[in-house]
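Just below is one structure, and these are the notes that go with it.
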Amino acid sequence: NLPRGQTLEGITFDYVPCVPFKEKLNHKEIRVLVFVASRHIAMEQIKLFQDCSLKLVALEPKPYAGLKALVRFGRIREDEIVLALHLGASQSCVIVVDHGYPSLIQPLSICGNSLTQVIAQYRRFDLKKAEEIKKQVGSAKTICWPAISSQMENLVVDIEHTWRFFSQKIKSPSLTFHRMILSGGSSALPHLATFLADRMGVPVDVFNPLSSPGLRLPQEVAPLVGENAGSFCSALGLAARGME
């Protein structure tokens, strides 16, 4: 889906040739996944590496890098349909993974920073206090629930719309997904997985990149790193490419 007001003639693009594994090669079908990314965001990333005197070879969308980590460490199997929610501080998305293939990636209106801002406005806290409250009670029906309840409901609506769009595109309206998996720094929001499992009626897991089976860390992680383990999902996905 092109951004509103855009045409194919108005889009500049790059491409990367991709050679699939021979055992997965299907001569009857070729799947192409296209990412539309903000040039402004891409240039910010490029400048970050330039400021560190590093040569940037390629940019990879964070949701796809995170998905590589989920697949590489066996959290998504090829015999199921999964909704993977990547919940970041400033950007989030939902990915429909159809038997091992990312078939649709849609942005979400909710993110970690937006929840913090809503709590701060509702309770008249500063952002630091609001962030602490969010991490302590999350989506539990306590002090911050009245503030973020509408955000949680919007998240459910976004997920439902994404799934409905996907099932209509493949002309299978009765199709269902098996489960959901949460990744990204905001995936550790307390009670979020329970809330989504109750509303969506499927199992919901939270992916901790640093406790993945087969991942051998050289030393014990610092407490601050452990508390923010979800933030390393995309980095682990990029590393998984090197392992392949």
Side-chain angles (χ1 to χ4, degrees), residues 1-8 11 13 15-37 60-88 91-111 139 151-184 186-187 192-207 233-234 237 240:
N1 291 329
L2 296 176
R4 183 175 299 175
Q6 283 278 15
T7 63
L8 284 175
I11 292 180
F13 63 92
Y15 66 92
V16 178
C18 180
V19 180
F21 294 113
K22 291 183 179 180
E23 60 270 20
K24 295 184 179 180
L25 186 60
N26 184 349
H27 292 285
K28 297 180 181 179
E29 183 180 67
I30 297 176
R31 296 194 179 197
V32 179
L33 184 64
V34 179
F35 291 95
V36 179
E60 182 166 292
K62 185 175 291 188
Y64 190 59
L67 182 62
K68 289 291 294 184
L70 295 174
V71 174
R72 175 64 179 77
F73 290 94
R75 298 304 298 269
I76 295 180
R77 304 187 305 271
E78 293 187 5
D79 60 346
E80 59 182 355
I81 301 177
V82 178
L83 294 190
L85 270 65
H86 184 85
L87 304 172
Q91 293 181 326
S92 300
C93 70
V94 54
I95 310 172
V96 179
V97 188
D98 182 9
H99 294 85
Y101 290 94
S103 297
L104 178 64
I105 300 179
Q106 293 281 76
L108 294 171
S109 57
I110 189 175
C111 66
S139 54
Q151 299 284 318
M152 294 293 104
E153 294 300 331
N154 289 340
L155 175 60
V156 171
V157 170
D158 284 348
I159 295 170
E160 291 176 339
H161 284 177
T162 297
W163 178 252
R164 192 176 302 117
F165 176 78
F166 172 74
S167 57
Q168 289 174 351
K169 281 293 184 182
I170 64 174
K171 297 180 173 57
S172 183
S174 60
L175 188 69
T176 58
F177 55 94
H178 299 95
R179 60 188 180 90
M180 297 172 60
I181 185 165
L182 310 181
S183 65
S186 298
S187 62
L192 176 59
T194 303
F195 169 80
L196 290 174
D198 290 342
R199 291 302 308 272
M200 305 305 299
V202 297
V204 179
D205 301 320
V206 179
F207 177 54
C233 184
S234 298

Problem - Side-chain donor or acceptor of Asp158 paired with backbone N/O of Ser109 under 3.5 Å - result: yes

Fill in the blank from the handout: Glu153 meets the side chain to side chain donor-acceptor pair (under 3.5 Å) criterion, sequence neighbours left out, with Arg199

Problem - Partners passing side-chain contact (heavy atoms from CB on, under 4.5 Å) against Val202 (at least two apart in sequence or in another chain) - result: Phe177, Met180, Met200

Exercise for the section: Report the residues that fulfil side-chain contact (heavy atoms from CB on, under 4.5 Å) with Ile170, sequence neighbours left out, ordered by chain and then residue number. Expected result: Phe166, Ser172, Leu175

Over all heavy atoms of both residues, which pair between [X] and [Y] is shortest? Give the atoms and the distance, please.
X	Y	value
His178	Pro203	O-CD, 3.5 Å
Lys62	Ser234	CG-OG, 2.7 Å
Leu182	Leu196	CD2-CD1, 3.9 Å
Leu87	Ser92	CA-OG, 3.4 Å
Ile95	Pro63	CD1-O, 3.6 Å
Gly237	Lys68	O-CB, 3.9 Å

Practice task
Go through Val94 and Trp163 one step at a time and tell me if the side chain to side chain contact (heavy atoms under 4.5 Å, CB included) criterion holds.
Solution key: CA-CA 9 Å; Val94 54; Trp163 178 252; over 6 Å; no

Practice task
Test side chain to side chain contact (heavy atoms under 4.5 Å, CB included) on Leu67 and Ile76 and set out the steps.
Solution key: CA-CA 9 Å; Leu67 182 62; Ile76 295 180; 3.7 Å; yes

Handout entry: Worked verdict on Gln91 versus Cys111 for side chain to side chain contact (heavy atoms under 4.5 Å, CB included)
Key = CA-CA 6 Å; Gln91 293 181 326; Cys111 66; 6.0 Å; no

